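A short write-up of the structure that comes next.
All figures in this text were calculated on a predicted structure; none of them were measured in a lab. Ligands are counted one by one from 1 in listed order, and the atoms in each one are counted from 1 as well. We use all heavy atoms of the structure for the numbers below, so side chains are in, but hydrogens, waters and symmetry mates are not.
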Amino acid sequence: MIHTRVIVVKNPEEMGVIAADHFEAMIQTKPACVIGLATGSTPLPLYRELAKREKEGKIDFSRVRSANLDEYKGLAPDHEQSYRKFMQDNLFDHISIKPENTIVPDGLATDVQAMCEAYEAQIEAWGGVDLQLLGIGHDGHIGFNEPDDHFPAMTHEVKLTEMTIDANKRFFDSIDDVPKSAFTMGIGTIMAAKKIVMVVTGADKKEILKKTFWGPVDPQVPASILQFHPNVVLICDEAAYPF
Ligand code: F6R
């Protein structure tokens, strides 16, 4: 563990409140900031808290820009299980962010390379990600960057591992409906964010959390690269905290 600041909270609700403080502070300092967003179960208390704070007049999303980490290959934006739809349902439809200021990789892209390059270019044109939100998979993935023998740099297509397909099958009618590939920001894209907030809750994440921040930096545990980022805040609940 080198730079990471660790905040241990009681439960997922408190995680949502503390993580929202970081987003509120960023948006107050820089109203047109660029935030990197994640899907999954863990950020949900945070997204509820952000929507609540905007309703209370504490945050204004009208100038904020957002870039999501990833999207399933082959799913249309309005597909029930697409990450674009997830973001609409759980955050964007409840805040004042402008649709044209939200980007998610295009699951239907046919020219994959062009789509990935355009995604990187858009983030760069916005001046880079100011605050990136991350969850973590049981195998240490961030975005859809799965364990590998290297750290992939930029937005790219990935084949999902059996573990990730299995973890995500709960959202689909059957395991055969889970897409086998996805598009994800690379580790380099993520590491270029000026600040990163990682949220981790639940006892099932304890083991991987320990490996990530208290083990060697290893592409077989992709999130372990975060030990080399100078501005990471880890917010985990008591159940996930390994000590
Ligand atoms: C989703 C993403 C994934 C999730 C991870 C944890 O956009 O980037 O890396 O953060 O799979 O998912 P949950 O929070 O559902 O345990």
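Closest heavy-atom approach to atom 5 (C) of ligand 1 within the set His141, Glu71, Met87: this belongs to His141. Scanning Gly140, Pro222, Gly202, Gly143 for the heavy atom closest to atom 9 (O) of ligand 1 points to Gly143. The heavy atom nearest to atom 6 (C) of ligand 1, considering only Ile136, Asp139, Thr39, Thr42, is found in Ile136.
The shortest heavy-atom distance from Arg170 to ligand 1 is under 4.0 Å. Heavy-atom separations between His138 and ligand 1 are all 4.0 Å or longer.
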Steps toward salt bridge (Lys or Arg N to Asp or Glu O under 4.0 Å) verdict (Glu56, Lys58): CA-CA 6 Å; Glu56 293 168 351; Lys58 294 181 182 148; 2.8 Å; yes
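Under a 3.5 Å cut-off, the side chain of Glu157 and the backbone N or O of Ala182 do not form any donor-acceptor pair.
The closest protein non-hydrogen atom to atom 2 (C) of ligand 1 is Asp70 OD2, 3.4 Å.
For the pair Arg84 and Glu71, the salt-bridge criterion is not met [side-chain N within less than 4.0 Å of a carboxylate O]. Under 4.0 Å is where a charged nitrogen must lie from a carboxylate oxygen, and between Asp130 and Lys30 at least one such pair does. Between Lys52 and Glu49 there is a salt bridge, since at least one side-chain N of the basic residue sits less than 4.0 Å from a carboxylate O of the acidic one.
Taking the six-membered ring for Trp and thresholds of 30 and 60 degrees, Phe172 and His79 have ring planes inclined between 30 and 60 degrees apart. Classification of the Tyr72-Tyr83 ring pair by plane angle, with boundaries at 30° and 60°, yields tilted.
Counting atoms of ligand 1 from 1 in the listed order, those under 4.0 Å from a heavy atom of Leu69 are 8 (O). The Gly135 neighbourhood of ligand 1 comprises atoms 10 (O), with distances under 4.0 Å to a heavy atom of that residue. Within ligand 1, the atoms closer than 4.0 Å to a non-hydrogen atom of Ala38 are 7 (O), numbered from 1 in the order shown.
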